[in-house]
K.L.:
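Before anything else, here's the structure in question.
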Number of protein chains: 2
Amino acid sequence: MLEQTIENRMSAIYNVDTSSLSRKQLAMRDREKELLEIARDVVMREGFAQLTMDKVAAASSYSKGTIYNHFNSKEDLIAALAIEALSRELPMFKRSLAFDGSSREKCIAMHAGYFVFSQLEPILSMCAMVSRTPAVTEKSAPERLQKLNELEEIAVSIGDAFIQNGINSGELVLNPGVTSDNVVFANWAMGFGTNALVHNAEHSTCVSRQLNHNIVLQNINFLLDGLGWKPLSTEFDYEQTWARARKELFSEELALLGQEA
Amino acid sequence: MLEQTIENRMSAIYNVDTSSLSRKQLAMRDREKELLEIARDVVMREGFAQLTMDKVAAASSYSKGTIYNHFNSKEDLIAALAIEALSRELPMFKRSLAFDGSSREKCIAMHAGYFVFSQLEPILSMCAMVSRTPAVTEKSAPERLQKLNELEEIAVSIGDAFIQNGINSGELVLNPGVTSDNVVFANWAMGFGTNALVHNAEHSTCVSRQLNHNIVLQNINFLLDGLGWKPLSTEFDYEQTWARARKELFSEELALLGQEA
DNA sequence: ACCTGAACACCGTTCAAGT
DNA sequence: ACCTGAACACCGTTCAAGT
């Protein structure tokens, strides 16, 4: 039932009835995708500081005016890249719900997916982080921010499904006063915080000196142990879960990275 | 012994031998502080998007050229604001080491301090977050980033002192394979992630709907429970610890906020 | 109706001239 | 030696003209 609402909400966003769109609108949608890829490539080659609307226009076959037809400011473009990031992450999260394993293993598979995506698309991931930053929110279109918020809400309902799984199986028992929303938020905060710090490890000696082992999994395990989510990390080998999730759920993404799962 | 090194490192940064500085250098230092405050006020009044070097110059009694004498780019100015944030947070963290309570209570007091500071100085806190963003790191002065890194290292050694406290008291026992660095990092990631998301709660329905209770403390307790740090949150009232830390350690800061501890 | 790119305005950054 | 602010260059944004 809960999964049904996820299905509906995702479908409303992903399976837009193309027949209801005019040819122009379809072309518009394709062009936007094209522009986003160009923007991402500019950042990849030259860095965020070098991302200019001129460069995006020059690298595309369109004029600056047309770019502004899609994005009402540079920050709006970055928010659009964040939307691209989230829309590609959500299906990976959803896939993890069907991962073959305990409720906690499924949850860990989701975090593995988040990490795989951040490696596959570091720039889009960075945009998703930066999109929570005032410089961006102050200048992007309200409709854009609303769409970002909608996707975030879907992410939360998917997150909630993992928690419900745990509760239903009896492997997760919430203390009184703790809601499933709280647990989703805690997972989100830990995932976000860890990935944000790891992303900037190059600038930070104290982070980079622990990158030799799986720090993301370790942090998630600290949290899930704290929730008492059975089996605890002392009772089960979640390194193996992590590796298995990479192989069974995300091998396509990893192949693009040239990494074996 | 460990505390001694913290003392030394902080002293090297905070208690600069003023007699070794020429009058000019002292004036330079004061002016930099003045400029930082002006920049913060511009952001406070008009938002990050409206922060320009012109406005900072106009609001000060100096010319644009002099501003560039201090900060070699706008991003460098933001990094300097991040340094201001960290240098004011570190003494608050250090104060928490002397908090009257168990090793875990001390650690929670530190997180309370982090939260108080983020309320007292939301813009400086935001700068500390944004300073980990490529747009800033790509353009700020290497020496500035190095200073930021030094402060971060001190923060990590202070964090380490909390963990050592726990280990020495026997209230915290690390599982094999877990280092004290890892635990510091986990606390950092959770604190950073939670505060980052809470900061943007206005834009996010799923975060803002849980702001009615102490979500920061809850997340930290999940983590510390996961580390097995005694007494667990089920055995002890850390809400009271949080409140007490506010009163006993941070009442000055809270007074500035006009909040009673 | 939409696309274009010249034009504009703003702002980051520099530097010759001044003290 | 340092400060100044005019000058410059770049880039975000707009809009009259074109199709």
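By convention in this document, chain letters (A, B, ...) are assigned in the order of the sequence lines, proteins followed by strands, and residues within each chain are numbered from 1.
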K.L.:
According to the Watson-Crick and G-U wobble definitions, with both distances under 3.5 Å, which nucleotide is paired to C:dC10?
P.N.:
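Checking every strand shown, C:dC10 finds no partner, since no pair has both distances under 3.5 Å.
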K.L.:
Between atom CD in B:Glu75 and atom P in C:dG12, what is the gap in whole Å?
P.N.:
9 Å
K.L.:
Can you tell me the distance, in whole Å, between the NE2 atom of B:His70 and the C1' atom of C:dT13?
P.N.:
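B:His70 atom NE2 is separated from C:dT13 atom C1' by 16 Å.
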K.L.:
Would you please confirm or rule out a distance under 4.0 Å between OP1 or OP2 of C:dG5 and any side-chain N or O of A:Lys64?
P.N.:
no
K.L.:
If only atom types and distance count, is the side chain of A:Arg95 paired as donor or acceptor with the main-chain N or O of A:Leu249 below 3.5 Å?
P.N.:
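At least one qualifying donor-acceptor pair exists.
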K.L.:
If I take atom NZ in residue B:Lys74 and atom C1' in nucleotide D:dC10, what distance separates them, rounded to the nearest angstrom?
P.N.:
14 Å
K.L.:
Measure from the side-chain heavy atoms of B:Lys139 and tell me the nearest of C:dC3, D:dC3, C:dT13.
P.N.:
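Of C:dC3, D:dC3, C:dT13, C:dT13 is nearest to the side chain of B:Lys139.
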K.L.:
Please pick, from D:dC3, D:dG12, C:dC11, the nucleotide with the shortest atom-to-atom distance to any side-chain atom of B:Thr52.
P.N.:
C:dC11
K.L.:
What's the closest nucleotide to the side chain of B:Met53 if the choices are D:dC3, C:dA7, C:dG12?
P.N.:
C:dG12
K.L.:
Using both distances under 3.5 Å as the test, list the Watson-Crick or G-U wobble partner of D:dA16, or none.
P.N.:
C:dT4
K.L.:
Describe the nucleic acid contact of B:Leu51 in one word from base, sugar-phosphate, nothing, applying a heavy-atom distance below 4.0 Å.
P.N.:
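Answer is sugar-phosphate: B:Leu51 comes under 4.0 Å of backbone atoms only.
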K.L.:
Assess A:Arg88 against A:Phe117: is NZ or CZ under 6.0 Å from the centre of the six-membered ring, and within 45 degrees of the ring's axis?
P.N.:
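No; the conditions do not both hold, so A:Arg88 does not lie above the ring face of A:Phe117.
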K.L.:
Just the rounded figure in Å: distance from P of C:dC11 to CD of B:Gln50.
P.N.:
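The distance from CD of B:Gln50 to P of C:dC11 comes to 7 Å, rounded to the nearest Å.
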K.L.:
Kindly say whether A:Pro142 contributes a backbone atom to a donor-acceptor pair with the side chain of A:Lys147 at under 3.5 angstrom?
P.N.:
no
K.L.:
Taking CG from A:Leu77 and C1' from D:dT13, how many angstroms apart are they, rounded to a whole number?
P.N.:
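Value for this atom pair: 14 Å.
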K.L.:
Looking only at side-chain N and O atoms, does B:Arg31 come under 4.0 Å of OP1 or OP2 in D:dC3?
P.N.:
yes
K.L.:
Please determine if a side-chain N or O atom of A:Asn69 lies less than 4.0 Å away from the OP1 or OP2 oxygen of C:dC3.
P.N.:
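Checking C:dC3 against A:Asn69, a side-chain N or O does come within under 4.0 Å of OP1 or OP2.
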K.L.:
Would you say the side-chain atoms of B:His70 and B:Asp76 include a donor-acceptor pair closer than 3.5 Å?
P.N.:
no
K.L.:
Whole angstroms only, please: what is the CG-C1' distance between B:Leu26 and D:dC2?
P.N.:
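It is 17 Å, rounded to the nearest whole Å.
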K.L.:
When the distance from CG of A:Asp54 to P of D:dA9 is rounded to whole Å, what number comes out?
P.N.:
16 Å
K.L.:
Which nucleotide, C:dC11, C:dT4, D:dT4, lies nearest any side-chain atom of B:Tyr62?
P.N.:
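Taking heavy atoms from C-beta onward, the closest nucleotide is D:dT4.
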K.L.:
Can a side chain N or O of B:Thr66 be found less than 4.0 Å away from OP1 or OP2 on D:dT4?
P.N.:
yes
K.L.:
Under a 3.5 Å distance rule, please check whether A:Asn149 uses its side chain to pair with a backbone N or O of A:Leu145 as donor and acceptor.
P.N.:
no
K.L.:
If you check the A:Ser63 side chain, which of C:dC3, D:dT14, D:dC11 turns out closest?
P.N.:
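Taking heavy atoms from C-beta onward, the closest nucleotide is C:dC3.
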K.L.:
Using whole Å, report how far OH of A:Tyr68 lies from C1' of C:dC2.
P.N.:
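Distance check: A:Tyr68 OH to C:dC2 C1' gives 18 Å.
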